[in-house]
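To start, the structure itself, in structure tokens.
Each chain gets a letter, A, B and so on, in the order the sequences are listed, and its residues count up from 1.
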There are 2 protein chains.
Amino acid sequence: MVQRNTDVTAQVHGSHDSAACTMLEVLDRVSGKWAIGILLATAHGPVRFMELERTVKGISRRMLTLTLRNLERDGLLVRTVYPTVPPKVEYTATDIALELYESLTSLTSWAGRHRAAIAAARDAYDRSAE
Amino acid sequence: MVQRNTDVTAQVHGSHDSAACTMLEVLDRVSGKWAIGILLATAHGPVRFMELERTVKGISRRMLTLTLRNLERDGLLVRTVYPTVPPKVEYTATDIALELYESLTSLTSWAGRHRAAIAAARDAYDRSAE
DNA sequence: CTGTATCCTCCGGGATACTG
DNA sequence: CAGTATCCCGGAGGATACAG
């Protein structure tokens with residue numbers, strides 16, 4: 001992360017804009033390199049730890065655990081342990097997480113509409129500066 | 001950002017989920033500690049450099065410049081220089097940026113609906129772990 | 001007023017090895 | 001299988017000084 005700071009809210013508290021405040025609450029929840037990937041992977045039913053490790057390509061075991069813990073802490077995921085041997089653990093998206101996923105589609109639509117324009121703007125900018 | 005990585009897209013290309021891909025394009029655009037604050041500050045008309053420095057509380061001159069450059073590069077802001085002395089520079093949100101702002105409201109609505117639940121989940125989680 | 005140039009700190013996140 | 005424990009590095013971002 002985003003070297004994602006964790007105090008993003010401060011600035012907006014400062015600017016006294018409540019819309020910005022809530023907006024950044026979301027970002028704090030969704031930021032980090034892996035949160036969204038995991039949210040998506042769990043969007044269609046319970047998933048086991050190993051499945052996530054395979055599905056979310058490139059993630060390390062450490063970051064998988066850490067991100068899962070954070071999502072669980074925020075109530076976006078539920079962790080279910082089956083006391084068998086070998087152990088089996090499932091992660092299930094909560095309703096809140098599913099709603100979040102819905103809301104994110106508004107952003108994907110924005111990206112879809114403007115991705116070409118943005119790429120063009122970027123190219124133009126980069127070319128004008130050599 | 002967040003230590004916001006810049007290669008978030010890779011993971012989702014990996015998982016072959018186009019929704020995730022576009023989703024992360026947006027996050028890359030909006031992530032970082034200051035992008036949203038600046039976007040909001042420019043949402044209601046052209047703003048000068050100094051105004052931004054005052055409005056976006058806590059931002060350093062360096063990060064203000066860097067974030068402005070990135071937003072300009074992506075075509076979200078237009079930079080207008082008035083060759084006066086002392087110099088005057090205005091930053092204006094483009095239509096694309098304004099549309100983005102609209103889309104973000106879906107997320108603020110989500111945060112508004114669930115902020116209490118999330119805070120509660122977090123408290124419960126933290127208490128259960130001492 | 002609007003920046004640029006440097007230096008430095010902090011922490012997200014990868015690699016690797018170990019455990020119940 | 002599902003984690004923890006360490007060590008380490010790169011880069012986001014703050015502080016400060018200088019410049020057109």
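Residues in residues 102-123 of chain A take part in these ring-ring contact (aromatic ring centres under 6.0 Å, His included) pairs, two or more places apart or across chains: A/W110-A/H114. Among residues at least two apart or in separate chains, side-chain hydrogen bond (donor to acceptor under 3.5 Å, both in side chains) pairs with a member in residues 35-53 of chain A are A/E53-A/R61.
Spacing between atom NZ of B/K33 and atom P of C/dC11 amounts to 10 Å, rounded to whole angstrom units. Look at CG on B/N70: it is 14 Å from C1' on D/dG11, rounded to the nearest Å. One can place OH of A/Y82 at 25 Å from P of C/dG20, the figure rounded to the nearest angstrom. A/L66 places its CG atom 12 Å from the C1' atom of D/dA5, with the value rounded to the nearest Å. The interatomic distance linking B/I38 (CD1) with D/dG13 (P) rounds to 11 Å, in whole Å. If you measure from atom CG of A/L64 to atom C1' of C/dG12, you get 16 Å, rounded to the nearest angstrom. One atom, CH2 of A/W34, and another, C1' of C/dC11, lie 17 Å apart when rounded to the nearest Å.
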Problem - Letter per nucleotide, 5' to 3', of nucleotides 1-7 of chain C [B base touched, S only sugar-phosphate touched, - untouched; heavy atoms, 4.0 Å] - result: BBBB-B-
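Rounded to 10°, the helix from C/dC1-D/dG20 to C/dG20-D/dC1 has 40° between the axis fitted to its first five pairs and the one fitted to its last five.
For B/R62, there are no salt bridge (Lys or Arg N to Asp or Glu O under 4.0 Å) partners two or more places apart in sequence or in a different chain. In terms of the salt bridge (Lys or Arg N to Asp or Glu O under 4.0 Å) criterion, residue partners of A/R122 (sequence neighbours excluded) are, by chain and number, B/D74. Shown here are the side-chain hydrogen bond (donor to acceptor under 3.5 Å, both in side chains) partners of B/T67, two or more places apart in sequence or in another chain: there are none. For the side-chain hydrogen bond (donor to acceptor under 3.5 Å, both in side chains) test, no residue two or more places apart in sequence or in another chain qualifies with B/S60. Residues passing the side-chain hydrogen bond (donor to acceptor under 3.5 Å, both in side chains) test with A/R115, sequence neighbours excluded: B/E25.
Pairing each heavy atom of A/L98 with each of A/A93, the nearest pair is CD2-CB, 4.1 Å.
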